[in-house]
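Okay, structure first, notes after.
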Amino acid sequence: MANDLQFFCEQLVRLNATMKELFENGNLALFTEMNLAIKELHRIESAGNEPALAPLHEECEIIYKNFDMIIAVLRTTENGEIDEGAQTALNRLLHNIDRAVVEIASGLNLI
């Protein structure tokens, strides 16, 4: 694997591990860690230097857009309190990201 592709894969694993921890304990501070991993994924994918990532663009976009929506939902909460509607939305968006991560990993023959 080329260096960028290897780093992309590392960030994908980082994102997946962070999401696993988030699902297990609900620590909202983990969104910061997710953001860092997603920014690196985007940086590498958008540079377009890795041909192996080109067919995975749509799945990458799912990650980026759903994370942007997560941030939008979090900004609408009052005092950081997540009501039932916001929790339902967050869960759905996180599951969309999780599905995209699995599809990308499969597309890269990592699973």
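Note that this is a predicted model, so its numbers are computed, not measured. Count residues from 1 along the sequence.
Nearest approach of Gly107 to Leu56, heavy atoms of both residues: CA-CD2, 4.0 Å. Taking both residues in full, the closest heavy atoms of Ala105 and Leu12 are given as N-CD2, 3.9 Å, listed atom of the first, atom of the second, then distance. When all heavy atoms are compared, the tightest approach of Ile62 to Ala100 is CG2-CB, 3.8 Å. Ala52 and Pro55 get closest at one heavy-atom pair: O-CD, 3.5 Å.
Looking only at side-chain heavy atoms (C-beta outward), Leu74 and Ile82 come within less than 4.5 Å of each other. At a threshold of 4.5 Å between non-hydrogen side-chain atoms, the residues Leu5 and Ile44 do not count as touching. At least one side-chain heavy atom of Leu90 sits less than 4.5 Å from a side-chain heavy atom of Ile70. Using a 4.5 Å heavy-atom threshold, the side chains of Leu36 and Thr18 count as separate.
A donor-acceptor pair is defined here as one N or O able to donate and one able to accept, closer than 3.5 Å; no such pair exists between the side chain of Asn35 and the backbone of Phe31. When atom types are taken as modelled, the side chain of Ser106 and the backbone of Val102 share no donor-acceptor pair closer than 3.5 angstrom.
A salt bridge does not link Arg99 with Glu103: none of the charged nitrogens is closer than 4.0 Å to a carboxylate oxygen. Ion pairing between Arg14 and Glu40 fails under the 4.0 Å rule for side-chain N and carboxylate O.
Donor-acceptor pairing under 3.5 Å is recorded for the side chains of Asn91 and Gln87.
Ring-centre distance between Phe23 and His95: below the 6.0 Å cut-off.
With rounding to the nearest 0.5 Å, the separation of CG in Leu41 from CD in Glu10 is 11.0 Å.
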Next item on the list: Could you please spell out the steps behind the side-chain contact (heavy atoms from CB on, under 4.5 Å) verdict for Leu15 and Ile63?
Entry: CA-CA 10 Å; Leu15 176 59; Ile63 292 172; 4.2 Å; yes

